[in-house]
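Worksheet for the structure shown next.
Nothing here was measured: the structure is a model prediction, and the numbers come from that model.
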Amino acid sequence: AGGQALRALDARLLTGPSLDWPAAMAESKRPQLEVEERPERGTRATKRLRREGLVPGIVYGGGDGDALSFKVDSRVLRQVLVDGSALIDLEVGGKTLPVIVKDQQLHPVRDEVMHIDLLEVRLDEKIQTTVGVQVEGVEEAPGVKEGGVLEHVTHQLNIEALPTAIPESIVIDVSGMEIAATMHLSEVAVPEGVEFLDDPEETIIATVVVPTEVEEPEEIEEETELVG
């Protein structure tokens, strides 16, 4: 579903020494989101913005600690979010701010973004955030070929990384899983520049389970007739 694809990232800036990292790294690859500052406040004003095809939002984490309210064209915003990049260049008031999505409110029926929160980040400071998990190679797994069913258990992982190193998602190859096998996080290759924060032995990525055989209804009926 589209709502699942637009994942929410909740990040926390870490205190500590700055790391020597090129601020311009991956800048050319980052999507740009042009927004306007939003003086409108209140429920009536935000409803009017939505009728005009605009999405209200707030960006947190500025150097002065103040939050900045903005409005953005809903189609432009959706295009940037569907792009899947964790790091976005926000253009507002003549400035360009590196931001990540902190949270977003979706319409319960239309799957449209109603409100979005962004977090300004420093490119030389690590942050903690969550990324989605995708599995590939399900049909090639020996356990699935033998009739097993692969259950994808963990759909998000907590990571720590520089904003420029946050992957769009963690893609895990399960094509080697046998019947009744369990894959833990400890078996997953860690992307460069990323640290997994979840327990590597306790976190289960996927399992291949054997389907439970159910007695056929016809057999049950025959047994009932014999007893009668």
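- In the hydrophobic clustering of ILVMFWY residues, with side-chain heavy atoms under 4.5 Å counting as a link, Ile159 and Val153 come out apart.
- For the side chain to side chain contact (heavy atoms under 4.5 Å, CB included) test, residues two or more places apart in sequence or in another chain that qualify with Ala45 are Glu40, Arg48.
- Counting only distance, with no hydrogens or angles, the side chain of Thr46 and the backbone of Thr43 share a donor-acceptor pair below 3.5 Å.
- Under the rule for a side chain to side chain contact (heavy atoms under 4.5 Å, CB included), the partners of Pro191 that lie at least two apart in sequence or sit in another chain are Ile170, Val194, Phe196.
- When the side chains of ILVMFWY residues are joined at heavy-atom separations under 4.5 Å, either directly or via intervening members, Met114 and Val59 end up in two distinct hydrophobic clusters.
- Separation of atoms CE (Met183) and CD1 (Ile204) is listed at 12.0 Å; rounding is to 0.5 Å.
- Within the structure, the ring-ring contact (aromatic ring centres under 6.0 Å, His included) test picks out no pair touching residues 89-146 (sequence neighbours left out).
- Judged by distance alone, the side chains of Gln134 and Ser169 do bring a donor and an acceptor atom under 3.5 Å apart.
- Not counting sequence neighbours, Arg44 has no partner by the salt bridge (charged side-chain N to carboxylate O under 4.0 Å, His left out) test.
- A donor-acceptor contact shorter than 3.5 Å is absent between the side chain of Thr96 and the backbone of Glu91.
- Grouping the Ile, Leu, Val, Met, Phe, Trp and Tyr side chains by contacts below 4.5 angstrom, directly or via other members, places Val174 with Val210.
- A donor-acceptor contact shorter than 3.5 Å is absent between the side chain of Arg50 and the backbone of Val55.
- Taking Ser175 as the reference, Asp173 meet the side chain to side chain donor-acceptor pair (under 3.5 Å) condition, with sequence neighbours excluded.
- Following chains of ILVMFWY side-chain contacts shorter than 4.5 Å, one cannot reach Leu49 starting from Val80, and the two form parts of different hydrophobic clusters.
- Remark: side-chain polar atoms of Gln79 are not paired, donor with acceptor, to backbone N or O of Val76 under 3.5 angstrom.
- Both Val101 and Leu77 belong to a single network of hydrophobic side chains, linked directly or stepwise wherever heavy atoms of I, L, V, M, F, W or Y lie under 4.5 Å apart.
- Residue-environment remark: CD (Glu52) exceeds the threshold of 12 foreign heavy atoms within 6.0 Å.
- Taking the salt bridge (charged side-chain N to carboxylate O under 4.0 Å, His left out) definition, one finds that Arg75 meets it with Asp73, sequence neighbours left out.
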